2 protein chains.
Amino acid sequence: MVAERLLSDWVAAEVQLAPEIVPLLRRRYAILRALAVAAPVGRRALAERLSVPERPLRADLEVLRQQGILSVSAAGMSLTEGGKRAYLGLQPLVEQLLGLDVLAQQVRISFGLPMVQVVSGDADLDPFVIEEMGQSAAGLLVSWLRDPQAVLVVTGGTTVAAVGRALTARGERFPHLRVLPGRGGLGERVELQASTIAAQIATAAGASYRMLHVPDPISPQLYEELQRDPLIADTLAQITTGTLLLHGIGDARTMAERRGLSAEQVRSLLASGAQGEAFGFYLDANGRIVRETPALGVRLEQLPRFQHILAVAGGSAKVAPVLAVLRFYHRMQLAPTLVTDEACARGLIHIAKEEQPWQ
Amino acid sequence: MVAERLLSDWVAAEVQLAPEIVPLLRRRYAILRALAVAAPVGRRALAERLSVPERPLRADLEVLRQQGILSVSAAGMSLTEGGKRAYLGLQPLVEQLLGLDVLAQQVRISFGLPMVQVVSGDADLDPFVIEEMGQSAAGLLVSWLRDPQAVLVVTGGTTVAAVGRALTARGERFPHLRVLPGRGGLGERVELQASTIAAQIATAAGASYRMLHVPDPISPQLYEELQRDPLIADTLAQITTGTLLLHGIGDARTMAERRGLSAEQVRSLLASGAQGEAFGFYLDANGRIVRETPALGVRLEQLPRFQHILAVAGGSAKVAPVLAVLRFYHRMQLAPTLVTDEACARGLIHIAKEEQPWQ
DNA sequence: CCATGCGGGTCAAAAATTGTCCCAAATGGA
DNA sequence: TCCATTTGGGACAATTTTTGACCCGCATGG
């Protein structure tokens, strides 16, 4: 605690004296993160993924190379051992330098949440930011997963998938754990399915799991029929015993299209004010439910039963969806933990300052 | 201790990731130091004293102004309250960032000294560096001055005068202390005389002092005569009871000229290899005494009696003189504490690496 | 009161950065 | 084994930024 306090003082003085180090460290740290995740990677590919012009990136890479932080080969660039150490050791410093801790506290207070974590960057510009959100969320999750009663319910999506990868990478085992998908199958990509992620997490953690072999937008006829299937019914029953909920937050239009809604249906959905989506509910800017997807899985009335709800989403395009979900939870008198990125957090703060958070 | 350790780790990682902050912080810190000492000061005067081109300085000043670190008026620029706080709080960070602690350790080990302190900058280029050396030396001194038995012997010179100013500024009082000049009058400038500095320190500390009203280069006839003077004899006797010695280190040529030696005498002195001077002794590169100034004051055989000897000198031009003095002490089997600046310390290390420190 | 030194403005020259090529070599999937 | 692809590094003109060298009106302090 003392050390942290001192660090923040030093950082504050340093930033005051030399504010130009902030964008500098931001860039360099993003490069390290990218290399830590995707090495070996080439200069052009890196520029593409970081949404940065190639030549400036080259200048940065040159400095890092001379510092012995990265090694180059014909296959691309990788972090050296020292570079990995620097990357890992730098996280608290970068958080301080970029003011991420302050940002997280602002979001936490503004929206009345129990805990908020903010990672550096913008997931829309730099795909590696999603991985870092995943690691951050995984860190929170494992502390909850130690509970022998823990039953984890997960949804699908790219961000939740990143949490799964991060949990797998940690290699910690929770044999008593049970992992369940909170939704059925949605879209085509198998690695983003709730069932797939549940299975991945459970396998890595040495835990048990169930899959939910139902389509996500479900027709009324199938609804009754599938509920009578004993295996499905059992899985649904187990979901009601969940203690931890991990879910992503979607953009209304994207999710509607992924669920195969017609252009007309999408138009009507958006006309009704839908901004965000979470586990099947489309929410407007005030957090009101605009439309509920007919599907099997975690249900509205179950939400209060979870001990912890962890929402993960980032990128500047997710500001409105996240805002919708946070207001939805506020209406429900629930308080989820939020893991997001810098761009999204700044957007949330910007809006919170302009208007009353709860209208 | 923990905090320091962590700080150094963070700093190491930060410097690795963004080495360009080192010259940046070096410049900005020098500006803060100058403003802390000499405010209010104008842009051109500042550029002159810092030996920096005006336009780049202006760019730095612009940043610092926008950061609210300095305030401008028609009389010049000054530090704001926040700027003063940043300046004071930044010292340990700057020491780490510029590697001054490492440098000090290298000098300490290379020359077998008990303690070495290094301040940032080059006294030859930036006159404020002398003030910082003074503050550093004053910090060491006060810890020794708490000893009720303390008797402090000081020499003259610009650097020792800066120590006197710094001690005065601290405002701590040592009523039991006795301060004595280690040399007679030398040159014309009263504020650089050993007696003047002794009186200044003693007055500020509420201590007692004596003056030594004798010329420094003294003729053989006067030598006997003045020693018979009861007041002078008593002062000389008191000097033999000294427990702490504070002295500067001079360049041989400069000191010889200041003592009024003829051009011929100076030439012969330099031809005999004289590099440095300390309390009257001219020393060659190996630390051998080349010539002893006939004078009254602290004598060679007294040196081992001091509990602490503190040598203060800086600037790249003082490398050879300091080296000569350090080797002299090594021959005497004495180990002084050294306060110097970055430029001088790097010069010492450079030489120590090339040759064996003791031949 | 007035001369000195103050901050700030201006602008051409110089330096650094950036955009956009190219290339030989190594890679890795077929 | 081969060959399409991607790698890092070189080169260089276009562009932006920084630097040097002025000038000006004005507050300040002797």
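The sequence lines fix the lettering, A, B, ..., with proteins before strands; numbering per chain opens at 1. Just so we're clear, the structure is a prediction, and the values are computed from it rather than from any experiment.
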**OP:** Could you tell me whether Ala45(A) contacts a base, only the sugar-phosphate backbone, or nothing, with contacts defined as non-hydrogen atoms closer than 4.0 Å?
**Re:** sugar-phosphate

**OP:** Answer with base, sugar-phosphate or nothing: what part of the nucleic acid does Val52(A) contact at a heavy-atom distance below 4.0 Å?
**Re:** nothing

Original post:
Under the 3.5 Å rule, do the base of dG8(D) and the side chain of Arg44(A) count as making a donor-acceptor pair?
Top reply: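 Answer is yes: a donor-acceptor pair is held.
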
In whole angstroms, how far is the [atom2] atom of [N] from the [atom1] atom of [X]?
| X | N | atom1 | atom2 | result |
| --- | --- | --- | --- | --- |
| Arg55(A) | dG8(D) | CZ | P | 14 Å |
| Leu46(A) | dG8(D) | CG | P | 9 Å |
| Leu64(A) | dG8(D) | CG | C1' | 15 Å |
| Arg49(A) | dT7(D) | CZ | P | 11 Å |
| Arg43(A) | dG9(D) | CZ | P | 7 Å |
| Arg27(B) | dT19(D) | CZ | C1' | 13 Å |
| Glu54(A) | dG10(D) | CD | C1' | 12 Å |
| Ile31(A) | dG8(D) | CD1 | P | 13 Å |

Original post:
Which nucleotide, dG9(D), dA27(D), dG20(D), lies nearest any side-chain atom of Pro53(B)?
Top reply: dG20(D)

Charged N to carboxylate O below 4.0 Å: is that the case for [X] and [Y]?
| X | Y | result |
| --- | --- | --- |
| Asp126(A) | Arg49(A) | no |
| Glu342(B) | Arg346(B) | yes |
| Arg28(A) | Asp60(A) | yes |

Does [X] [atom1] have over 12 foreign heavy atoms under 6.0 Å away?
| X | atom1 | answer |
| --- | --- | --- |
| Phe128(B) | CZ | yes |
| Tyr87(A) | OH | yes |
| Arg43(B) | CZ | yes |

Original post:
Side chains of Thr340(A) and Val312(A): does their closest heavy-atom pair fall under 4.5 Å?
Top reply: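 A side-chain contact is absent here, since even the closest heavy-atom pair is not under 4.5 Å.
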
Original post:
Considering only heavy atoms from C-beta outward, does the side chain of Glu20(A) approach that of Leu24(B) to under 4.5 Å?
Top reply: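 In short, these two side chains touch, coming nearer than 4.5 Å.
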
Original post:
To the nearest 10 degrees, how far apart in direction are the end axes of the helix from dC1(C)-dG30(D) to dA30(C)-dT1(D), each fit to five base pairs?
Top reply: 40°

Original post:
Any luck finding a side-chain donor-acceptor pair between Ser120(A) and Glu132(A) under 3.5 Å?
Top reply: no

**OP:** Could you say whether Arg58(A) or Val72(B) is positioned toward the 5' end of DNA chain C, judged by the nucleotide with the nearest heavy atom to each?
**Re:** Val72(B)

Original post:
Does anyone know the first and last nucleotide of DNA chain C in reach of chain A, 5' to 3', at under 4.0 angstrom to a heavy atom?
Top reply: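 Nucleotide range with atoms under 4.0 Å of chain A: dT18(C) to dT27(C).
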
